[in-house]
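Here's the structure we're looking at; comments come further down.
The figures that follow rest on heavy atoms only: side chains count, while hydrogens, waters and symmetry mates do not. Chain A is the first sequence line, chain B the second, and so forth, proteins listed ahead of strands; every chain is numbered from 1.
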Amino acid sequence: MAKAKLPDGSILEVADGATVADLAAQIGPGLARVALAAKINDQLVDLSTPLTGDVTVVILTSRDDIGLEITRHSCAHIMAEAICSIWPEAKLVYGPTVRDGFYYDIDLDTPIRPEDFKRIEQKMVEIIKADTPFERAEMSRDEALQKMAGDVYKFDNIQNAQGDVISFYKHGGDGFEDLCRGPHISRTGSIDYKGFKIMSVAGAYWHGDASQKMLQRVYGTCWQNKKELKGYLHRLEEAKKRDHRVIGKQMDLFSFHEEGPGFAFLHPKGMKVWNGIIDFWRDVHRRYGYEEIKTPIMLNESLWHKSGHWDNYKENMYFTTVDEITYAVKPMNCPGGLLVYNSRKHSYRELPMRMAELGLVHRYEPSGMMHGLVRVRQFTQDDAHIFCTPEQIQGEIVGVIDLLQEMYAAFGFEDYHVELSTQPEKHIGSDEVWETATNALKGAIEQKQMDYQINEGDGAFYGPKIDFHISDYLNRSWQLGTIQLDFSMPERFGLSYTAADNTEKTPVMIHRAILGSLERFMGILIEHYAGNFPIWLAPEQVRVLPISEKTNDYAGAVLGQLKDAGLIVSLDTSDDKVGAKIARAHADKVPYMLVVGPKEAEAGVVNVRMRQSTDTKTIALDDLISMIRQKIADKSLDLMI
RNA sequence: GCCAAUGUAGCUCAACGGUAGAGCACCGGUUUUGUAAACCGGCGGUUGAGGGUUCGAUUCCCUCCGUUGGCUCCA
């Protein structure tokens, strides 16, 4: 007899060699029907796995995240079979699950087009309806290699596979078989044939290596049922509405033009948001002891030879020649900052020196890389370079993290993750210096009690770094802040300071950015707020809406007072009814709408309506002004008055 | 850059091998309006650019440019 301990603590005895499916049936016919796979002693297995001895068993259904993932993986196999049945020459490469679905990489010379999705889906429905079992077959690695000797992709997969036992799964009437670790659902019919959809096809290099063959990656999504699928498709539609490119157009914040691909044009309203961000940024940096500098956007090419950018970064740079002198448009601000440092001698008493720069940089990006404001060819970095002694490193890093946390909190970003990248193979500087520097970074993160992930060998060639990442609404991860230690530049540029013992020493240089690229940050902010900027950042804070022309004079007076109070305000004197004016103000995402008619004019008050609310409140204008000003000063995320 | 898709009025989208159409926006008029869109009229397009096929191309084909979704990269 085998003893199975279940999640509720109970122990069920089953005949030795009985399968998980048998166990599920013993627990109840309902469970048997929805069971997809199981965990035995925390190991994922198929329902057909026999039970022996004392084990803990968790039976997984599509309600479990893992159950759904297994379903998706099985769905990927079914799609692979469908594709192979349509294009027999297709070679399967690799088909994992991803968030919300799965993909399968396929080597096939005929392009798979969106028009083909329907017939692939139809074939998949047939396979699901045929309800054939997934059957696992195991063999040794050598046997598997021999079996797949003619298939470069599967042969490669087997070589990369972990463990000594290699498994294959078979399903379908034609005996479709694929190398796979498993587990899988027990029958193809367990998938709801209305619960999946093929989403897109894209190119993907084998092993993600641009020198390898471009494969076709077919993406699909799969859910418990039709309703869940529809919910997912609906969420995608909603996410599209939040896309900063869409909102940017709607709200007239910025635009792009063919004349300058990857160069953003900020419109008046976009500039209001931009200036709101940098006013705050300057205030914070002043408080944290930074000085601000500004360096030219192009500098003599020779400087970039000296800095090492010519050797390491030339492909991403723009150049221009005037009077036979070649200038490089700066892709980074550091060389300019170094020239500023070197413009006079420095004493140890001045350190740490924190020099900030909102530097406009240009980086040539391959055309396929560009994406709205978040991936551009020209952007403004909120850069700073800190020059300090080795002993000061950790304290400075902690200071940067403090500053960063204060800024992120003001924008309401709670969810970000930290990555520490360590010494890469190709690097400069001794192992000792790297260790000291890496420990300083680690020490600072630990001192701040932050969780972090280590990216071994992912540092820059000149030093280790810490990166701060956040996810946008479409779940793409973006790097915002970065703190990088640099051992290369101070030496290349012969930086020095006079130490207490009157010797000349080389300072340590820390590069850091908090928001990263202001353009990108603005894009992320737009999505984060869905265009509903908090009052302190809103490109239009208040709009006055007179009921009719008869109240235009009073509305004008209200407008004047709001302007005098320093608020960004406008007046809608169009010949529309107030309902239309309100609808338009909502579309423009204006935080406060002031409706004024004869009643308000008589009493000298305003009727306030807040964005995202249908409540209204009548209030004296002076009171409203002081409340709004308070909210701006507090950077309040709440509009309620 | 690579793979695929795509480009029609300021915006969102129709149509089609035979002279391009709607809604919103804009302009003019009527209305003087009370909390998410009053009514009437008008303006607006060498259909991304350039070639080719054709009696005829916005439609089919090619090249280029932009954009979108991915892949590598990174702020």
Query - salt bridge (charged side-chain N to carboxylate O under 4.0 Å, His left out) evaluation trace for A:Asp116 with A:Arg119 - result: CA-CA 6 Å; A:Asp116 299 319; A:Arg119 59 187 171 128; 3.3 Å; yes
Requested in this report: Assign A:Val595 to base, sugar-phosphate, or nothing according to its heavy-atom contacts below 4.0 angstrom with the strands shown.
Outcome: base
Query raised in the report: When rounded to the nearest Å, what value does the distance between P atoms of B:rU59 and B:rU47 take?
Result: 9 Å
Query raised in the report: Within 45° of the ring axis of A:Tyr103 and under 6.0 Å from its six-membered ring centre, is that where the NZ or CZ of A:Arg217 lies?
Result: yes
Query raised in the report: When we call it a touch if two heavy atoms are under 4.0 Å apart, what does A:Asp382 touch: a base, just sugar-phosphate, or nothing?
Result: nothing
Query raised in the report: Taking the C1' atom of each, how far is B:rC11 from B:rC64, in whole Å?
Result: 27 Å
Requested in this report: Measure from the side-chain heavy atoms of A:Arg245 and tell me the nearest of B:rA36, B:rG69, B:rU72.
Outcome: B:rG69
Query raised in the report: Any side-chain N or O of A:Gln479 under 4.0 Å from OP1/OP2 of B:rA75?
Result: yes
Requested in this report: Could you give the distance separating B:rC43 and B:rC27 at their P atoms, to the nearest angstrom?
Outcome: 16 Å
Query raised in the report: How far, in whole Å, is B:rA9 from B:rG42 if one measures between their C1' atoms?
Result: 15 Å
Query raised in the report: Think A:Arg113 has a side-chain N or O under 4.0 angstrom from the OP1 or OP2 of B:rU6?
Result: no
Query raised in the report: Is any side-chain N or O of A:Glu115 under 3.5 Å from a base N or O of B:rA5, one able to act as donor and the other as acceptor?
Result: no
Query raised in the report: Any salt bridge between A:Glu238 and A:Arg235, counting N to O under 4.0 Å?
Result: no
Query raised in the report: How are the rings of A:His244 and A:Phe254 set relative to one another: parallel (under 30°), tilted (30 to 60°) or perpendicular (over 60°)?
Result: tilted
Query raised in the report: Has A:Lys577 got a side-chain N or O lying under 4.0 Å from the OP1 or OP2 atom of B:rA37?
Result: no
Query raised in the report: Mind checking the C1' distance from B:rU72 to B:rC2? Whole angstroms is fine.
Result: 9 Å
Report task. May I ask you to say what A:Met370 touches in the nucleic acid, namely base, sugar-phosphate or nothing, with a heavy-atom cut-off under 4.0 Å? Result -> sugar-phosphate
Requested in this report: Under 4.0 Å between any heavy atoms, over every strand shown, what does A:Lys581 touch: base, sugar-phosphate, or nothing? Just pick one.
Outcome: nothing
Report task. Using a cut-off of strictly less than 4.0 Å between a heavy atom of the residue and any atom of RNA chain B, enumerate the qualifying residues of residues 204-222 of chain A by number. Result -> A:Ala204, A:Tyr205, A:Gly208, A:Met214, A:Arg217, A:Tyr219
Report summary line: Result for 5'-nearest mapping on RNA chain B, choosing between A:Ser517 and A:Tyr364, is A:Tyr364
Query - N or O in side chain of A:Ser367 less than 4.0 angstrom from B:rG1 OP1/OP2 - result: yes
Query raised in the report: NA contact type, A:Val361, heavy-atom cut-off 4.0 Å: base, sugar-phosphate, or nothing?
Result: nothing
Query raised in the report: Across all strands, who's sitting opposite B:rU6 as a Watson-Crick or G-U wobble pair, both distances under 3.5 Å?
Result: B:rG66
**Report entry** Short side-chain N/O contact from A:His371 to OP1 or OP2 of B:rG69, under 4.0 Å
**Finding:** yes
Requested in this report: Tell whether A:Asp575 reaches the base of B:rU31 with its side chain through a donor-acceptor pair below 3.5 angstrom.
Outcome: yes
Query raised in the report: If each of A:Gly597 and A:Gly368 is mapped to the nucleotide of RNA chain B with the nearest heavy atom, which maps nearer the 5' terminus, i.e. the 5' end?
Result: A:Gly368
Query - Counter-base of B:rG56, judged by Watson-Crick or G-U geometry with both distances under 3.5 Å - result: none
Requested in this report: Tell me what A:Glu315 touches on the nucleic acid: a base, only sugar-phosphate, or nothing, going by heavy atoms under 4.0 Å.
Outcome: nothing
Requested in this report: For B:rA4 versus B:rC40, give the span between their P atoms, rounded off to a whole number of Å.
Outcome: 49 Å
Query - Pairwise C1' distance, B:rA37 and B:rG44 [rounded to whole Å] - result: 22 Å
Query raised in the report: Taking the side chain of A:Glu549 as heavy atoms from C-beta outward, which of B:rA4, B:rU32, B:rU35 is closest to it?
Result: B:rU32
Query raised in the report: Do you know which two heavy atoms are closest between A:Phe256 and A:Gly262, and how far apart they sit?
Result: CE2-C, 4.1 Å
Report task. In whole angstrom, give me the gap between the C1' atoms of B:rC55 and B:rA15. Result -> 23 Å
Query - A:Trp281/A:Tyr290 aromatic ring centres below 6.0 Å - result: no
Query raised in the report: Quick one: is A:Arg609 getting a side-chain N or O under 4.0 Å of the B:rA36 phosphate, OP1 or OP2?
Result: yes
Query raised in the report: Can you check whether A:Tyr313 and A:Trp304 have ring centres sitting under 6.0 Å from each other?
Result: no
Query raised in the report: Can you tell me the Watson-Crick or wobble partner of B:rG1, both distances under 3.5 angstrom?
Result: B:rC71
**Report entry** Residues A:Asp467, A:Lys465: salt bridge by 4.0 Å N-O rule
**Finding:** yes
Query raised in the report: Do A:Phe411 and A:His528 have ring centroids that are under 6.0 Å from one another?
Result: no
